[in-house]
Amino acid sequence: MQIQVNQTDTQGRDPEMDEELADVLTAISVVSKRLAKKLTTLSQQEKEKGGKPDGQNE
């Protein structure tokens, strides 16, 4: 069974839920950006030490 949703149907949508969803997606985006920045920093530090960036030094 497959349910089709009309992408332009906004009458059945709850504006509060949409706002909450937008807030959650924004928070996920912010955390993802921070994690990506930390991974980049760690990779650069490993390269400076002469190790492999993926943590497989041993």
Distance check, rounded to the nearest 0.5 Å: Asp14 atom CG versus Leu21 atom CG? 11.0 Å

Sequence neighbours left out, what pairs pass salt bridge (charged side-chain N to carboxylate O under 4.0 Å, His left out) with at least one residue falling in residues 16-32? Arg13-Asp18

Please identify each residue that fulfils side-chain contact (heavy atoms from CB on, under 4.5 Å) with Gln44, with sequence neighbours left out. Thr40

Mind listing the side-chain donor-acceptor pairs of residues 25-33 below 3.5 Å, one per line with the distance, residues two or more places apart or on another chain?
residue: Thr26; atom: OG1; partner: Ala22; partner atom: O; Å: 2.8
residue: Ser32; atom: OG; partner: Ile28; partner atom: O; Å: 2.8

